[in-house]
Novice: 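Pasting a structure here, questions to come.
Reckoned from all heavy atoms, side chains included, excluding hydrogens, waters and symmetry mates. Read the numbers this way: they start at 1 and go in the same order the structure lists the ligands and their atoms.
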Amino acid sequence: MRYPQTFIDDLKRQADIVRVVGDYVQLKKKGANWMACCPFHKEKTPSFSVSPAKEIFYCFGCHKGGSVFNFVMEMERVAFPEAIKLVAEKSGVPLPKLIDDTRFEARRNEAEAVIELNRWALEWWEKQLESSTEGRIARDYLEGREITDETRKTFRLGYAPDSWDALSIYLRQKGASQDQIERSGLVVKKEEANSYDRFRGRLIFPVLDIQGKPIAFGGRTLRNEDAKYINSPETAAYVKGRNLFGLNLTRDEIRRAGFAILVEGFLDLIVPYQFGIRNVVASLGTALTPDQVKLISRFVRKVVVNYDADAAGLQAAKKAIAMLLAEDLEVKILVLPDGADPDEFIRKEGAAAYQKQRGLAQPHIQFVIDQAVRDRKLSNPADKEAAIDEVLPYIHAVHSRIQKREYFDIAMDKLGIDRDNFNTSAWRKELWQQVRGSEKGTVKRTTNPARRAKPTPAEQRLLNLLLNDEQLRRGVLRELQADDYEDLSTAPIFRALLELDRDGGEIKFDTVNQKIEGEEPSASLLPMLFMSESLHASNEHYAADECIQTFRLMKLQHLIDELRTEAGAAEREGDSEKASRLSAEQIELTKRRSALLPKGEPIQPGNW
Ligand SMILES: [Zn+2]
């Protein structure tokens with residue numbers, strides 16, 4: 001049940017923020033705004049302000065801010081729907097009937113029903129594995145793989161007896177209807193009102209969602225059937241490619257370690273886990289999907305891909321690289337010696353040997369180059385071009401300029417396109433132009449909270465001007481290029497402004513806020529950016545081109561800082577060649593920055 005969207009939109013327009021907030025705090029008019037002592041933090045002089053024109057509140061003391069709904073949610077400690085109701089009541093807007101979201105509700109209920117049946121099935125299968133006579137075959141298999149009872153219990157492994165209907169009968173005894181059983185995917189439907197158990201004579205690996213609920217199963221044959229693994233079909237509770245096996249158990253360790261090891265199969269995760277390597281997730285046999293990458297990126301920004309070393313595994317690894325880069329993750333590739341998978345390798349060589357190998361994992365670009373040159377002769381021009389074509393997309397997809405440049409140089413050197421060779425230097429430059437491009441459309445950008453620091457005061461000031469001065473904004477948006485803002489922590493705000501401008505949308509707190517979808521630090525900053533007007537007033541004549549200029553200066557400064565950090569790191573690692581190359585680049589950029597600086601102006605971007 002929810003309120004209709006049209007009503008919510010109307011209410012947003014009609015709700016008087018001063019009136020609603022005024023119910024909670026004593027507001028005093030001051031200029032265009034209303035001020036009060038902040039209800040969210042202790043203070044004696046008012047720093048809490050409400051702008052009826054902008055339909056926002058903001059506290060300059062504790063930086064809380066947002067729409068009238070945010071205020072009520074914060075004040076009353078209620079969720080959004082409840083805030084809607086309260087705001088409507090306080091604004092004297094009659095509440096409409098709730099929409100009965102039947103389809104949504106029905107689907108959720110169905111998902112819960114599937115999970116319930118999955119629970120029953122899993123508990124029963126666990127018992128079969130633990131103690132049934134027939135389950136011995138599965139117990140022997142696990143013993144052969146050195147999987148302990150503790151591990152078996154942790155992962156809730158089970159055994160599905162070799163029977164067409166044993167599970168179905170059990171589920172019916174528990175009270176499930178034939179219809180429910182069929183919808184659960186635990187059986188395969190035959191003709192009318194007839195079905196048989198899907199998993200028969202198999203070791204069961206439950207796929208648990210992040211809360212530990214069984215949403216699907218994988219079953220491994222114990223009788224050398226053709227299908228080594230079979231899996232649950234999609235159900236109301238399970239959509240393929242949305243989950244990662246093991247994440248419910250490994251998420252904390254992944255966070256702690258600062259990187260995740262991505263493997264393919266169930267045992268490639270279970271065995272390392274048993275041996276104490278617990279920052280692992282498994283992509284469940286299918287090709288890695290964007291949803292899975294998003295799930296990983298909620299916990300970590302670095303991934304070591306450790307797939308099988310056979311042709312299919314290598315191909316899958318390359319696909320995974322592309323997916324991970326598209327979400328701005330850093331990727332390394334681990335290929336274990338002699339084509340071993342993680343499960344075999346760890347049982348044979350132990351966890352320490354595995355960790356040692358893991359430490360030797362290649363940056364993704366190295367792997368991609370190796371794959372590209374593997375079956376080609378670089379002395380043959382056609383082969384060389386094919387190799388370049390294969391490698392460039394993986395460099396193009398890298399977000400950080402510095403890393404991109406570094407990977408590019410590695411690749412070019414490897415592929416024999418020398419900087420200093422007369423025949424190839426121009427070609428190399430051309431290729432660099434190709435990969436450094438503005439990545440329009442090809443690669444989706446996401447903010448990398450680790451890399452993008454706090455917005456600088458200059459950035460904030462510019463945004464404040466842009467958000468509040470329509471004329472200035474028009475001029476700036478016309479000139480602004482993706483390159484100018486893409487590395488800024490506030491890039492989502494710029495993107496939102498450009499989109500709204502393009503689509504003719506109104507630019508105000510609510511519309512921009514909706515576009516940036518909680519991306520930090522932009523989202524927390526937004527009320528302040530809309531509210532601070534003091535700077536604006538003293539800069540009436542700030543021109544659009546000056547704004548753009550300042551952006552480009554900021555961008556350069558950002559690059560210079562990055563280069564300086566990288567050069568320092570290279571120096572410490574004793575790579576003096578790299579350090580001096582980076583320093584040279586840094587000097588070059590500093591020169592360019594100086595050329596951009598207006599003569600005799602007191603702007604010092606160095607202090608930002
Ligand atoms: Zn406050």
Novice: Closer than 4.0 angstrom, basic N to acidic O: yes or no for Arg474 and Glu470?
Specialist: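 Salt bridge: yes.
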
Novice: Please tabulate, for the side chains in residues 18-31, all donor-acceptor contacts under 3.5 angstrom to protein atoms that are two or more places apart in sequence or on a different chain.
Specialist:
unit_1	atom_1	unit_2	atom_2	d
Asp23	OD2	Lys90	NZ	3.4
Tyr24	OH	Glu76	OE2	2.6
Lys29	NZ	Gly31	O	3.0

Novice: Determine, stepwise, if the pair Lys54 / Asn468 fulfils side-chain hydrogen bond (donor to acceptor under 3.5 Å, both in side chains).
Specialist: CA-CA 10 Å; Lys54 294 173 184 166; Asn468 292 302; 3.2 Å; yes

Novice: At distances under 2.8 Å, what protein N, O or S atoms surround the Zn ion (ligand 1)?
Specialist: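 Checking every protein N, O and S atom gives Cys38 SG, His41 ND1, Cys59 SG, Cys62 SG.
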
Novice: Considering residues at least two apart in sequence or located in another chain, which fulfil the salt bridge (charged side-chain N to carboxylate O under 4.0 Å, His left out) criterion with Lys85?
Specialist: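 Once residues adjacent in sequence are excluded, Lys85 has no partner under the salt bridge (charged side-chain N to carboxylate O under 4.0 Å, His left out) criterion.
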
Novice: Between side-chain atoms of residues 242-250 and protein atoms elsewhere (two or more places apart, or another chain), which donor-acceptor pairs fall under 3.5 Å?
Specialist:
unit_1	atom_1	unit_2	atom_2	d
Arg242	NE	Asp291	OD2	3.3
Thr250	OG1	Gly246	O	3.2
Thr250	OG1	Val280	O	2.8

Novice: In plain terms, say whether Glu55 and Lys12 are close enough for a salt bridge, that is, a side-chain N and a carboxylate O under 4.0 Å apart.
Specialist: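 Salt bridge: no.
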
